[in-house]
There are 2 protein chains.
Amino acid sequence: MNNKQNLELEKLKQEMRRGTIVLATMSQLTREQYGYSLIKSLNEQGFEIGQDTLYPLLRRLEEQQLLDSEWRVEDPRPRRYYRLNDNGKEVLRQLSEDWRLQTEVIRRLLNEAE
Amino acid sequence: MNNKQNLELEKLKQEMRRGTIVLATMSQLTREQYGYSLIKSLNEQGFEIGQDTLYPLLRRLEEQQLLDSEWRVEDPRPRRYYRLNDNGKEVLRQLSEDWRLQTEVIRRLLNEAE
DNA sequence: CATTATACTGTATATAACACAGTATTGTCA
DNA sequence: TGACAATACTGTGTTATATACAGTATAATG
């Protein structure tokens, strides 16, 4: 596999991860977190995500009224805390359900391919 | 859940499916298929995909030299047949592996969220 | 012979991940 | 004490891709 092909492969993998980013992020926001801790936490658990991706996503989720955020200045350093609201929790439930169904479909497709 | 929120939810689900489209499509192309049969086959197995999505994808995969295609005019009707080449099969293998790892990570994240 | 299913091609658009740049504060350790 | 790494964001592109929309044309079916 040459260099260009490897690059294409990486792009395809990235594209695959793309769809899961919202789900992975929301899954961690049933309890309150701030951006940096969220990145660390996801990375430690094997889900790679950078600032470049997370912060815009958080703002978008807030626009869509799925989470609430709040500045906290009492902390050792000012931080913005994020947490799913009821709306967001319901959406997370539904996305999780959809995810389960969808992965089952893919699992079958892949098995068949072998 | 009001109308606007439902729309947002559908958009998020769609976004989730997005990443799986290449994988699902490629999984069916270890054996030769033409576009229309591919759409039918995927839909029957629970994976929704339309012409709008599939044909541009097939053209892209061919550009990336992951599949070969060929017009067949002897058929009752002219059809373009698609099939993964060796390159594509290798990419499918690697994507499948990545998918397995990735879904395992998400599974853990979701369990933890409950 | 009208309608439905089949089987594509081509162009346009919206969205979201990611890139890149910038700002500023808090440990830490030599 | 002063440099450096880690922390903790904001703002503005760029690019790739799914999807929308439009169009073309043939085969089967009742």
Side-chain angles (χ1 to χ4, degrees), chain A residues 4 7-26 32-44 47-64 66-67 69-82 95 102, chain B residues 7-26 28 32-44 47-64 66-67 69-82 95 102:
Chain A
K4 192 195 166 196
L7 239 159
E8 295 285 2
L9 180 63
E10 284 313 310
K11 263 172 49 182
L12 289 171
K13 285 188 186 175
Q14 205 175 68
E15 182 69 15
M16 251 182 11
R17 269 196 26 262
R18 177 181 173 138
T20 64
I21 290 173
V22 171
L23 188 61
T25 302
M26 288 182 77
E32 193 173 60
Q33 294 221 53
Y34 56 98
Y36 204 83
S37 69
L38 196 46
I39 290 170
K40 291 288 158 197
S41 155
L42 283 170
N43 284 342
E44 271 160 26
F47 194 91
E48 282 173 57
I49 187 169
Q51 296 194 343
D52 294 342
T53 301
L54 184 66
Y55 287 116
L57 171 61
L58 288 173
R59 289 174 227 160
R60 198 166 63 253
L61 292 177
E62 186 157 25
E63 254 176 54
Q64 295 173 353
L66 300 178
L67 61 78
S69 77
E70 180 195 356
W71 265 106
R72 226 40 90 65
V73 283
E74 321 91 63
D75 278 10
R77 167 196 314 240
R79 287 162 173 155
R80 184 177 284 283
Y81 280 86
Y82 306 87
L95 280 183
Q102 213 50 34
Chain B
L7 238 160
E8 294 285 1
L9 181 62
E10 283 314 309
K11 263 172 46 184
L12 289 172
K13 284 187 187 174
Q14 209 173 67
E15 182 69 16
M16 250 181 13
R17 269 195 28 261
R18 176 178 175 142
T20 64
I21 288 173
V22 172
L23 187 61
T25 302
M26 288 183 76
Q28 301 303 290
E32 193 174 58
Q33 294 221 53
Y34 56 96
Y36 204 82
S37 69
L38 196 46
I39 291 170
K40 292 289 159 197
S41 154
L42 283 170
N43 284 341
E44 270 160 26
F47 194 90
E48 284 175 55
I49 187 168
Q51 296 195 343
D52 295 341
T53 301
L54 184 67
Y55 286 116
L57 170 61
L58 289 173
R59 290 175 228 163
R60 197 165 66 253
L61 292 177
E62 186 157 23
E63 253 175 55
Q64 295 171 355
L66 301 176
L67 60 80
S69 78
E70 179 194 356
W71 267 106
R72 230 29 94 68
V73 284
E74 321 90 65
D75 279 10
R77 166 197 313 245
R79 287 163 174 157
R80 184 178 282 283
Y81 281 86
Y82 306 87
L95 280 184
Q102 213 50 35

**Q.** cation_pi(B:Arg80, B:Tyr34) dist<6.0 Å, angle<=45
**A.**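 Because its charged atom misses either the 6.0 Å distance or the 45° angle limit, B:Arg80 does not stack over B:Tyr34.
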Can you find a heavy atom in the side chain of [X] that is under 4.5 Å from one in the side chain of [Y]?
| X | Y | value |
| --- | --- | --- |
| A:Ser69 | A:Tyr81 | no |
| A:Tyr36 | A:Arg79 | no |
| B:Tyr82 | B:Glu70 | no |

Give a yes/no on whether any side-chain N or O of [X] is located under 4.0 angstrom from OP1 or OP2 of [N].
| X | N | result |
| --- | --- | --- |
| B:Tyr36 | C:dT6 | yes |
| B:Lys40 | C:dT6 | yes |
| A:Arg79 | D:dC9 | no |

Rounded interatomic separation in angstrom, taking [atom1] from [X] and [atom2] from [N]:
| X | N | atom1 | atom2 | result |
| --- | --- | --- | --- | --- |
| B:Asp52 | C:dC8 | CG | C1' | 12 Å |
| B:Leu54 | C:dT9 | CG | P | 11 Å |
| B:Glu62 | C:dC8 | CD | P | 12 Å |
| B:Arg72 | C:dT6 | CZ | C1' | 17 Å |
| A:Leu42 | C:dA17 | CG | P | 13 Å |
| A:Arg18 | C:dA19 | CZ | C1' | 14 Å |
| A:Ile39 | D:dC9 | CD1 | C1' | 9 Å |
| A:Leu58 | C:dC18 | CG | P | 14 Å |

Q) When the nearest nucleotide of DNA chain D is assigned to A:Pro56 and to B:Pro56 on a heavy-atom basis, which residue is associated with the more 5' position? A)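 Closer to the 5' end of DNA chain D: A:Pro56.
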A:Tyr34 vs A:Glu15, nearer the 5' end of DNA chain D by closest nucleotide: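 Per heavy-atom nearest nucleotide, the more 5' residue is A:Tyr34.
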Quiz item: Which is true for B:Arg80 with a 4.0 Å heavy-atom rule: it touches a base, it touches only sugar-phosphate, or it touches nothing?
Solution: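 Counting heavy atoms under 4.0 Å across all strands, the contact made by B:Arg80 is with sugar-phosphate only.
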Problem set entry | Any donor-acceptor N/O pair under 3.5 Å between D:dC9 base and A:Gln51 side chain |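 Between D:dC9 and A:Gln51, which were checked side chain against base, a qualifying N/O pair under 3.5 Å is present.
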(request) May I have the step-by-step check of side chain to side chain contact (heavy atoms under 4.5 Å, CB included) for B:Arg18 and A:Met16, ending in yes or no? (result) CA-CA 8 Å; B:Arg18 176 178 175 142; A:Met16 251 182 11; over 6 Å; no
- Message: Closest approach to the side chain of B:Thr53, judged atom by atom: which nucleotide of D:dA18, C:dT9, C:dC18 is it?
- Response: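 Given the options D:dA18, C:dT9, C:dC18, the side chain of B:Thr53 is closest to D:dA18.
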**Message:** Closest approach to the side chain of B:Tyr55, judged atom by atom: which nucleotide of C:dC18, C:dC8, D:dC9 is it?
**Reply:**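 Shortest atom-to-atom distance from the side chain points to C:dC8.
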